[in-house]
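Here the structure is a predicted model, which is why all the values come from computation and not from measurement. Chain A is the first sequence line, chain B the second, and so forth, proteins listed ahead of strands; every chain is numbered from 1.
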Number of protein chains: 4
Amino acid sequence: MAKKTGDKYRAIIEAAVKVIAENGYHNAQVSRIAREAGVADGTIYLYFHNKEDVLISLFQVKMGEFTAAARQELASTADPFERLARLVHLHFTNLEADRNLALVMQIQLRQSDPGIRRGIAEPLREYFHLIEGVINYGVEMKAFRPDLDVRLARQMIFGTMDEVATCWVMSHHPYSLAGLSGQVYQLLARGLTGA
Amino acid sequence: MAKKTGDKYRAIIEAAVKVIAENGYHNAQVSRIAREAGVADGTIYLYFHNKEDVLISLFQVKMGEFTAAARQELASTADPFERLARLVHLHFTNLEADRNLALVMQIQLRQSDPGIRRGIAEPLREYFHLIEGVINYGVEMKAFRPDLDVRLARQMIFGTMDEVATCWVMSHHPYSLAGLSGQVYQLLARGLTGA
Amino acid sequence: MAKKTGDKYRAIIEAAVKVIAENGYHNAQVSRIAREAGVADGTIYLYFHNKEDVLISLFQVKMGEFTAAARQELASTADPFERLARLVHLHFTNLEADRNLALVMQIQLRQSDPGIRRGIAEPLREYFHLIEGVINYGVEMKAFRPDLDVRLARQMIFGTMDEVATCWVMSHHPYSLAGLSGQVYQLLARGLTGA
Amino acid sequence: MAKKTGDKYRAIIEAAVKVIAENGYHNAQVSRIAREAGVADGTIYLYFHNKEDVLISLFQVKMGEFTAAARQELASTADPFERLARLVHLHFTNLEADRNLALVMQIQLRQSDPGIRRGIAEPLREYFHLIEGVINYGVEMKAFRPDLDVRLARQMIFGTMDEVATCWVMSHHPYSLAGLSGQVYQLLARGLTGA
DNA sequence: AATGAATGAGCATTCATTCAT
DNA sequence: TATGAATGAATGCTCATTCAT
């Protein structure tokens, strides 16, 4: 049970993104996800423990992929400011690339259910760790202020990006999210350096 | 029906804060809120349209009170930086004063239900407006950068405060939230002014 | 919750006897019992914890009534043999009076589910106690053998009546169950006295 | 399909006895029986029509073996009373020899499902026939009363043994079942002869 | 205004069975 | 013969909401 690989595993994940984005988590019936994935209802339970596990796994897969890609991308530049700039840009580009996924990430995953919160915690922590790496690197390179509280700085960076992204997905008139990355970077960079 | 005043109206709001904080929105049965408020189940429907309306009204009342108090408090100083500092401090102080309320505000109200999102929008917009007032005032007074994108700046301020507050409510070991307001203010102020 | 009295409580019990007799316990949908009782599905859960509790309660009510009536009836004669004869006759008369109830008692209640076995145990023990009372009385009055093992004697009496009753409900061609009570009494009485 | 012989056929039967005894019929998943038998799920359907057929076949095999053995054993004595005594002793000895099997026979096979009742009927009828043979022989040999109703006498004998056996498997503190056969025989013999 | 007994829509999950390999 | 991944039908229960009193 709960085999976490294979074509059907991916198909169910992608179907879940679509159905949950369109209907919300609580209105996304398992049978609708199954139909969208082209499998039987019961097949979902060969790959996931339950409906909640689908949502959590979706986050783990997508967030894991993003974090891994971002980690690699950030390592390819030695400039602390460039790293921060790329982080913001990657964050926004990733969300803008798949609007359904963005909807799920920014809205549907913000469930208060304890099980979901718990399942989301670990991959999120890894992303937080990545952000803190950028901050620490900047401090070490004497690019950022030496007296930075790393946790607060990370909360500013993530909180800001998250709020900008949420407003973007919720917006009625379309605009480019990635197009904001420059200005957001400026705001954040100033906060981390400052007069 | 749906009289929005009276002792029982307040009693139900307060009961809802407690029951929702302890059980989560979806596990907070109307009958439990009624019992906690000392009224019959049906009585709730004399003051609220439905369960969702209880949550929304709760937010409107609490957020409205906070925004009004903050507006007054901010007006009492002419220094743009002081205004920003007070905003952060009031935001954190307000949440720290009532942990149950903070839990509801930071966790339980982040429901994906469209109705709730809609009901929350207006009071939230007012608070955003207040924040943007602080920003615009700082720009006018030539304290903040003239080229600030007000919306982005507001998203940074709110996003940062919100993320810091959420981490605080979710934390297992207790620490003072208001105690962080100084450092958070520093981070934000630098972002708004900069080198 | 689970108020164990009232018209609806009785109505649901009676409906359950009918629906379970006709369809078997596992094929007796709660909604069908509700419709037969003239109440909504949810109403059943105001009077019973769950479907299993309906079956158990049914047994407790019906068995309790029978045991009480039998206890009274048996006390009205001082003759040990007459008591045994009446016991058999009451047992058979009671089952023959309501064929649906007999079907449920002899067939449907013989479920292997541990919960049901447990719920049935207590009222059954009381009935066993009543039977053992008849045996002990007979021994005291020197009507039955002094060396009787009371438990074994009870098992013979109950086992025999139960097997006769089960064959009767399962039979395709109808015959009178109560009409057999005389012969069954003879068999049992001889076993308890003997040469 | 449904070949009723072979090593795997027996292996599945024995696995079913174990799994059903431990979990009950409804909680005994086919896949668990398959694993216990060391075969694939689908293999069970090469030997049995369906899950119900496994239970029925189990009964037919075990009951058939018992009835055949008992028939032979009983024929080896000409004394009617001795035949009855042996019947009781064999019945109890057989159950006591395999506690898992006893659990299945006394508890799990008492399902209300019509299909199971039907599948069990024939082997049971043969056992009843064997018991009635003992009774008729006793009457012919003028050992038992000439006015015995054979069916009622059989119901007393089987009902008594069955009830004693059921109480034994259900008991929490262990005791010998076969050790009771003497007393049970005495009770029954008196009933069949009598003053 | 207040009550609380009654309502009934809505859905995740299991597991016996099949069939392509 | 044997496998085991895939199927999909089938239903008990909760709880927000109503309305007769």
Side-chain angles (χ1 to χ4, degrees), chain A residues 1 3 6-9 12 26-35 37-54, chain B residues 1 3 6-9 25-35 37-54, chain C residues 1 3 6-9 12 26-35 37-54, chain D residues 1 3 6-9 25-35 37-54:
Chain A
M1 93 190 70
K3 196 176 58 163
D7 287 354
K8 300 209 166 158
Y9 180 77
I12 293 165
H26 284 295
N27 286 324
Q29 289 109 315
V30 171
S31 59
R32 233 187 288 188
I33 296 175
R35 198 182 320 132
V39 301
D41 292 19
T43 303
I44 291 193
Y45 294 87
L46 295 177
Y47 293 92
F48 302 90
H49 296 299
N50 48 42
K51 182 183 171 182
E52 190 180 278
D53 188 35
V54 175
Chain B
M1 108 187 52
K3 191 179 67 160
D7 286 355
K8 297 204 171 169
Y9 180 77
Y25 176 66
H26 284 293
N27 286 325
Q29 289 108 313
V30 170
S31 59
R32 235 189 287 189
I33 295 175
R35 196 183 319 132
V39 301
D41 294 17
T43 303
I44 290 195
Y45 293 87
L46 297 176
Y47 293 92
F48 301 89
H49 297 298
N50 48 42
K51 181 184 174 182
E52 192 178 274
D53 187 34
V54 175
Chain C
M1 100 190 65
K3 196 176 59 160
D7 286 355
K8 301 209 167 157
Y9 180 76
I12 293 165
H26 284 294
N27 286 324
Q29 289 109 317
V30 171
S31 58
R32 233 187 287 188
I33 295 175
R35 196 181 321 131
V39 301
D41 292 19
T43 303
I44 291 194
Y45 295 88
L46 295 177
Y47 293 92
F48 301 89
H49 296 298
N50 48 43
K51 182 183 172 182
E52 190 180 277
D53 188 34
V54 175
Chain D
M1 105 185 56
K3 192 179 69 159
D7 285 355
K8 297 203 171 168
Y9 179 77
Y25 176 65
H26 284 294
N27 285 326
Q29 290 108 314
V30 170
S31 59
R32 233 187 288 189
I33 295 174
R35 197 182 320 131
V39 301
D41 293 17
T43 303
I44 291 193
Y45 293 87
L46 298 175
Y47 293 91
F48 302 89
H49 296 299
N50 49 42
K51 182 183 173 182
E52 192 179 275
D53 188 33
V54 175

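In the set E:dT17, E:dC15, E:dA12, the nucleotide with an atom closest to the side chain of A:Tyr45 is E:dA12. For C:Ala40, the listed nucleotide lying nearest its side chain is E:dT7; candidates were F:dT1, F:dA6, E:dT7. Considering only the side chain of B:Thr43, E:dT3 comes nearest among E:dT3, E:dT7, F:dT1. Comparing F:dT7, F:dA16, E:dA16 by their nearest atom to the side chain of A:Val39 picks out F:dT7. In the set F:dA6, E:dA16, F:dT3, the nucleotide with an atom closest to the side chain of D:Val30 is E:dA16. Proximity note for C:Lys51 (side chain, C-beta onward) versus E:dA16, F:dT3, F:dC13: the nearest is F:dC13. The side chain of B:Leu46 approaches E:dA1 more closely than any other nucleotide in the set E:dA5, E:dA1, F:dA6. With F:dA2, F:dG8, F:dT17 as the choices, the nucleotide that has an atom nearest any side-chain atom of B:Asp41 turns out to be F:dT17.
In this structure, CZ in A:Arg32 is found 12.5 Å from CG in A:Asp41, a value given to the nearest 0.5 Å. Within the model, atoms CD1 of A:Ile33 and OG1 of A:Thr43 stand 13.5 Å from one another, a figure rounded to the nearest 0.5 Å. Between the NE2 atom of D:His49 and the CD1 atom of D:Ile44 there is a distance of 14.0 Å, given to the nearest 0.5 Å.
Between D:Ile44 atom CD1 and F:dA5 atom P there is a gap of 15 Å when expressed in whole angstrom units. Regarding D:Tyr25, its OH atom lies at a distance of 10 Å from the C1' atom of E:dA16, rounded to whole Å. Between the CZ atom of C:Arg35 and the P atom of E:dT7 there is a distance of 14 Å, rounded to whole Å. Atom OH in C:Tyr9 sits roughly 18 Å away from atom C1' in E:dA6 (whole-Å rounding). Note: NE2 (A:His49) to P (E:dT14) measures 11 Å, nearest angstrom. Note: CZ (A:Phe48) to C1' (E:dT14) measures 18 Å, nearest angstrom. Taking atom CG of residue C:Asp53 and atom C1' of nucleotide F:dC13, one finds them 14 Å apart after rounding to whole Å. Atom CD1 of C:Ile12 and atom P of F:dC13 are 13 Å apart (whole Å).
Checking E:dA1 for Watson-Crick or G-U wobble geometry (two distances, each under 3.5 Å) identifies no partner in any strand. Under the Watson-Crick and G-U wobble criteria, each requiring two contacts below 3.5 Å, nucleotide E:dT18 is paired to F:dA5. E:dA9 is paired with F:dT14 under the criterion used here, namely a Watson-Crick or G-U wobble arrangement in which both key atom distances are under 3.5 Å.
Taking the centre and axis of the six-membered ring of D:Tyr25, the NZ or CZ atom of D:Lys51 falls inside the cone set by 45° and 6.0 Å.
For D:Lys8 and F:dA2, the shortest distance from a side-chain N or O to OP1 or OP2 is below 4.0 Å.
Residues D:Asn50 and A:Arg32 each lie close to DNA chain E; by heavy-atom proximity, the contact nearer the 5' end of the strand is made by A:Arg32. Take the nearest nucleotide of DNA chain E for A:Gln29 and for D:Gln29: the residue whose nucleotide is more 5' is A:Gln29. In this structure, D:Gly38 and A:Gly42 both approach DNA chain F, and ranking their closest nucleotides by distance from the 5' end singles out D:Gly38.
Taking the six-membered ring where the residue is Trp, A:Tyr9 and A:Phe48 present parallel rings, their angle staying beneath 30° rather than reaching 60°.
Within the 4.5 Å cutoff, no side-chain heavy atoms of B:Asp53 are placed close to those of B:Tyr47.
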